[in-house]
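Just below is one structure, and these are the notes that go with it.
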Amino acid sequence: MSSLGPDPATDLATGPAAHPAAESPAGPAALPDGERLRRWRLVLGGDADGTGCALAGQDRRMDEALAALYRPAPSEGRGSGGSGQRSAGLGASAPSVARWLGDIREYFPSGVVQILQQDAIERLDLTRLLLEPEMLAAVEPDVHLVGTLLSLNRLMPEATKDVARSVVRRVVEDLERRIAQRTRSLVQGALDRTSRVHRPRHRDIDWNATIRANLKHYQAEFRTVVPERLVGYGRQRHGVQKDVVLCIDQSGSMAASVVYASVFGAVLASMRTLDTSLVVFDTAVADLTDRLSDPVDVLFGTQLGGGTDINRALAYCQSLITRPADTVVVLVSDLYEGGVRQEMLRRVAAMQRSGVQVVTLLALSDEGAPAYDHQNAAALAALGSPAFACTPDLFPEVMAAAIQGLPIPVPE
């Protein structure tokens, strides 16, 4: 149900009733026996748990909400209706699931609610209920839910699509608030550094860089720096300086990466100093660049699932490249190639030789270590094209380094 530390009885701190122990200055060792038993009862679940502790009030309601998901009655199976016996299972009816969603939002913080929702979708096969507008209105939106909705996009009735778009937009707007400013700042800084000149006009002087470059000429008696060399920005910084091609694998396992990559693509496309293209692929290739002004349109233009032909996708991306030395290609894929593997590697090598910076992200999400084709990842690394999983927080630094031609900050 959850990942617990060495002493679950002291780690469980969900719900208001768990807070008094946190206020105890003596720490977990000072917990009364009754409180310790209560916490073990909540952790273990079930009436015959050996603690002899009965739950009441909100504790019991929390326990029932968790039992409905993690301890469904045998008669229910996975999402099938009950047989008349009273049980804690969710069943497959929209009203019971909607009530359960309301309960968990009352008892648990948002992060826990999102985990419980995802587990309910996977464990109890509730995806079909997401096609009902009332259900969508009840859920807590997150990246995983967006991925599920996108996979159901072609099956949705018209009455559900408007609600689904509003759910997706809430997640997208939250992501944009989190990532937009830092992404623009780091990427624009990298672009500025690539266009520096050493005989700048006065309005183009980068004073911070100039001071750093001339600190050795500090005059103590005058308490000032004498700049022997000016550092500034070239005038070309006001136009398009770099081309970025985002090539996104839309196979089912890449759902979270598709969401994050689409939002990052929209942010990069909003920068006038970049010319950003966005390409999604499975066994076919779709160019969604014209939708980048609205990442929600991008996401609903994808079709999660299906096979993978990375070579065909890279061939299309290669056709978009007109300035190899000023182009960064970011491939987001788990590298399980269904096309011609050797041709894919030859294509990456050719782009690298022409001056294109090629970066492969095995995942763009917070999910931790992804499943990926280790052989293909090693082959790309041998070509000098790094292949690694990347969190959304690291992506702006990866882009900044790629734009400057610096070593990519690969996470350990």
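- Each ring pair (Phe, Tyr, Trp, His ring centres under 6.0 Å) pair with one or both residues in residues 332-351, not counting sequence neighbours, would appear here, but there are none.
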side-chain contact (heavy atoms from CB on, under 4.5 Å) evaluation trace for L69 with D119: CA-CA 8 Å; L69 173 56; D119 283 353; 3.9 Å; yes

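- Note that the CD1 atom of I248 and the CG atom of L278 stand 4.0 Å from one another [nearest 0.5 Å].
- Looking at residues two or more places apart in sequence or on another chain, you find a side-chain contact (heavy atoms from CB on, under 4.5 Å) between E140 and R105, S110, V113, Q114, Q117.
- Heavy-atom neighbours of E173 CD from other residues, nucleotides or ligands within 6.0 Å: above the threshold of 12.
- Each ring pair (Phe, Tyr, Trp, His ring centres under 6.0 Å) pair with one or both residues in residues 377-397, not counting sequence neighbours, appears once here: F264-F395.
- Looking at D249 and S251, their side chains do bring a donor and an acceptor atom within 3.5 Å of each other.
- Side-chain contact check for T283 and R312: no donor-acceptor pair (N or O, by modelled atom type) lies under 3.5 Å.
- Residue I310 holds its CD1 atom at 6.5 Å from OG1 of T308, rounded to the nearest 0.5 Å.
- No salt bridge links D174 with R169; every basic N to acidic carboxylate O contact stays at or beyond 4.0 Å.
- With sequence neighbours left out, D162 forms a side-chain contact (heavy atoms from CB on, under 4.5 Å) with no residue at all.
- Side chain to side chain, T273 and Q188 meet the donor-acceptor criterion of an N or O pair below 3.5 Å.
- By the ring-ring contact (aromatic ring centres under 6.0 Å, His included) test, Y372 pairs with H374, sequence neighbours left out.
- Remark: F281 pairs with no residue by the ring-ring contact (aromatic ring centres under 6.0 Å, His included) rule, at least two apart or across chains.
- With respect to R346 and E343, a salt bridge is recorded, a charged nitrogen being found less than 4.0 Å from a carboxylate O.
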